[in-house]
**Q** 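Pasting in a structure now, in structure tokens, and then I'll have a few things to ask.
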Amino acid sequence: MVRVFRNDRLVIASHNPGKVREIAHLLGTFVPQVDSAADHGLAEPEETGDSFVANAALKAHHTAAGTGLPALADDSGLVVPALDGAPGLHSARWAVRPEGRRDFGWAMERLTAALDDRPNADRRAYFVCALALAWPDGPCETVEGRAYGCLVWPPRGDRGFGYDPIFVPDGHDVTYGEMEPAAKHAISHRADAFRQLVARCFRR
């Protein structure tokens with residue numbers, strides 16, 4: 001049986017301020033108080049899952065256990081079929097420079113260079129977002145959303161985060177990085193996943 005969320009407080013299992021803001025926006029009026037794992041001083045667990053859903057569930061359980069509160073985790077990434085699915089589950093790691101600093105501008109350059117090395121490589125790509133909502137006593141609900149589009153170069157726009165400036169979603173001529181937040185939230189992979197999660201676990 002699906003568990004319905006009836007609490008007034010939820011912890012987002014993330015240390016990424018941009019992601020926390022976006023998730024809080026998408027939750028709308030369903031949750032009066034939203035915290036982050038960083039607010040609770042909780043370290044991020046190692047992501048050892050073999051899928052986006054597995055990693056989201058791992059993070060949600062870790063945060064729920066560490067805070068004693070229901071926790072919502074997101075695991076998302078960019079999948080490029082022409083690169084055998086890369087960066088995929090390793091989308092965040094792709095952005096870590098050798099010296100250990102995270103730099104998505106550098107990651108986007110790496111990604112474009114990898115496609116340039118493959119003559120006539122298809123620039124189609126899609127974002128995946130898996131969401132896991134876990135309770136401290138064990139239950140966990142999961143969903144997965146997707147958004148399809150193509151990659152462009154050079155990057156365009158300074159909104160959003162991650163790979164947003166090089167991704168143009170199907171049916172649009174601007175990147176995620178150029179879109180107003182409300183416009184992106186209406187069509188993104190995360191919005192798709194949230195629509196599924198809200199329909200399953202939240203009641204107005």
Side-chain angles (χ1 to χ4, degrees), residues 10 12-28 30 34 36 47 49-60 71-95 102 104 107-108 111-112 115 122-134 140-152 155-202:
L10 179 68
I12 308 302
S14 177
H15 286 238
N16 182 325
K19 184 177 288 189
V20 171
R21 281 195 302 272
E22 190 166 303
I23 290 174
H25 177 89
L26 287 164
L27 283 171
F30 293 108
V34 176
S36 72
E47 297 179 19
D50 60 1
S51 68
F52 290 105
V53 166
N55 277 335
L58 184 156
K59 290 186 284 188
L72 178 64
D74 154 297
D75 196 58
S76 56
L78 180 67
V79 177
V80 184
L83 297 179
D84 304 316
L89 287 176
H90 307 296
S91 292
R93 293 177 217 170
W94 260 62
R102 183 170 291 180
F104 276 101
M108 290 186 283
L111 190 59
T112 300
L115 285 168
D122 190 347
R123 302 286 166 140
R124 295 286 299 166
Y126 59 92
F127 273 112
V128 176
C129 172
L131 294 174
L133 176 60
C140 183
E141 300 292 338
T142 62
V143 296
E144 184 179 279
R146 294 188 177 190
Y148 291 86
C150 65
L151 302 179
V152 296
R156 294 171 6 209
D158 57 5
R159 296 187 173 103
F161 54 91
Y163 299 91
D164 285 359
I166 61 170
F167 182 80
V168 176
D170 285 348
H172 297 266
D173 57 7
V174 294
T175 68
Y176 269 179
E178 294 173 296
M179 286 185 171
E180 293 287 345
K184 177 191 171 185
H185 294 161
I187 65 166
S188 73
H189 50 300
R190 195 164 284 114
D192 181 25
F194 264 92
R195 278 190 288 269
Q196 296 177 54
L197 188 69
V198 165
R200 180 181 297 187
C201 298
F202 290 84

**Q** Pick from Tyr176, Tyr148, Tyr126: which one makes a side-chain contact (heavy atoms from CB on, under 4.5 Å) with Pro169?
**A**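 Single side-chain contact (heavy atoms from CB on, under 4.5 Å) partner of Pro169 among Tyr176, Tyr148, Tyr126: Tyr176.
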**Q** Please list, chain by chain and in numerical order, all residues satisfying side chain to side chain contact (heavy atoms under 4.5 Å, CB included) with Leu58, sequence neighbours excluded.
**A**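 Here the qualifying residues are Pro45, Thr48.
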**Q** Of the non-hydrogen atoms in Ser36 and Ser14, which two are nearest, and what is the gap between them?
**A**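 Where Ser36 meets Ser14 most closely, the heavy atoms are CB-O, 3.7 Å.
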**Q** Distance check, rounded to the nearest 0.5 Å: Glu144 atom CD versus Gln196 atom CD?
**A**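 Here the interatomic distance stands at 8.5 Å.
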**Q** Flag the pair Arg159 / Glu180 as yes when at least one side-chain heavy-atom distance between them is below 4.5 Å, and no otherwise.
**A**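 The answer is yes, as the side chains (C-beta and beyond) meet within the 4.5 Å cut-off.
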**Q** Determine the minimum heavy-atom distance between Ala193 and Gly145, stating which atoms define it.
**A**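 Closest approach of Ala193 to Gly145: CB-N, 3.7 Å.
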**Q** So, do Thr112 and Arg123 sit near enough that their side-chain heavy atoms are less than 4.5 Å apart?
**A**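 Result yes, sub-4.5 Å side-chain heavy-atom pair found.
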**Q** In this structure, which one of Val79, Thr142, Leu131, Asp74 forms a side-chain contact (heavy atoms from CB on, under 4.5 Å) with Phe52?
**A**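 Of the listed residues Val79, Thr142, Leu131, Asp74, the side-chain contact (heavy atoms from CB on, under 4.5 Å) partner of Phe52 is Val79.
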**Q** Any side-chain heavy atom of Pro87 sitting closer than 4.5 Å to one from Leu111?
**A**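 Yes. Closest side-chain heavy atoms under 4.5 Å.
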**Q** Write down the atom of Val53, the atom of Val143, and the distance for their closest heavy-atom approach.
**A**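 Heavy-atom minimum between the residues: CG2-O, 4.4 Å.
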**Q** Just how far is it from atom CZ of Phe167 to atom CZ of Arg156, taken to the nearest 0.5 Å?
**A**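 The CZ atom of Arg156 is 12.5 Å from CZ of Phe167, to the nearest 0.5 Å.
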**Q** Got a sec, which pairs hit salt bridge (Lys or Arg N to Asp or Glu O under 4.0 Å) with one end in residues 75-84, sequence neighbours left out?
**A**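 As it turns out, the salt bridge (Lys or Arg N to Asp or Glu O under 4.0 Å) pairs with a partner in residues 75-84, which skip direct neighbours, are Lys59-Asp75, Asp84-Arg118.
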**Q** Any donor and acceptor pair, going by atom type alone, linking the side chain of Glu141 with main-chain N or O of Leu197 inside 3.5 Å?
**A**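 No, Glu141 side chain to Leu197 backbone: no donor-acceptor pair under 3.5 Å.
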**Q** Looking only at heavy atoms, what is the nearest atom pair of Ala73 and Ala56, with distance?
**A**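 Ala73 and Ala56 have their closest heavy atoms at CB-O, 3.2 Å.
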**Q** Working to the nearest 0.5 Å, report the span between CD1 of Ile12 and CG of Leu72.
**A**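 So the CD1 of Ile12 and the CG of Leu72 are separated by 4.5 Å.
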**Q** For a side-chain contact (heavy atoms from CB on, under 4.5 Å) check, start with the C-alpha distance between Glu47 and Arg93, then their side-chain angles and the critical distance, and finish with the verdict.
**A** CA-CA 11 Å; Glu47 297 179 19; Arg93 293 177 217 170; 4.2 Å; yes
**Q** So how far is it from Phe30 CZ to Leu10 CG, rounded to the nearest 0.5 Å?
**A**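 Separation between the atoms: 12.5 Å.
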**Q** Measure up the Tyr163 and Phe127 rings against each other and bin them: parallel (under 30°), tilted (30 to 60°), perpendicular (over 60°).
**A**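 It falls in the tilted class, 30° to 60°.
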**Q** Answer whether the closest heavy-atom distance between the side chains of Leu151 and Leu78 falls below 4.5 Å.
**A**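 A side-chain contact under 4.5 Å exists here.
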**Q** Shortest non-hydrogen contact from Cys140 to Ala132?
**A**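 For Cys140 and Ala132, the tightest heavy-atom pair comes out as SG-CB, 3.9 Å.
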**Q** The criterion is side-chain hydrogen bond (donor to acceptor under 3.5 Å, both in side chains); which residues satisfy it with His15, sequence neighbours excluded?
**A**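 Applying side-chain hydrogen bond (donor to acceptor under 3.5 Å, both in side chains) to His15 gives none.
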**Q** Rounded to the nearest 0.5 Å, how far apart are CG of Asp164 and OG of Ser188?
**A**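 Between Asp164 CG and Ser188 OG, I get 9.0 Å after rounding to 0.5 Å.
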**Q** Identify the heavy atoms of Ile187 and Ala147 that sit nearest to each other, and give their distance.
**A**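 Closest approach of Ile187 to Ala147, heavy atoms only: O-CB, 4.2 Å.
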**Q** Tell me whether Asp192 contacts the main-chain N or O of Arg146 through its side chain, where contact means a donor paired with an acceptor under 3.5 Å.
**A**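 A pair under 3.5 Å: yes.
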**Q** Considering residues, nucleotides and ligands other than Arg124, do more than 12 of their heavy atoms fall under 6.0 Å from its CZ?
**A**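 Atom CZ in Arg124 is crowded, with more than 12 foreign heavy atoms closer than 6.0 Å.
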**Q** What distance separates Arg200 CZ from Arg195 CZ, expressed to the nearest 0.5 Å?
**A**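 Reported to 0.5 Å precision, the distance equals 15.0 Å.
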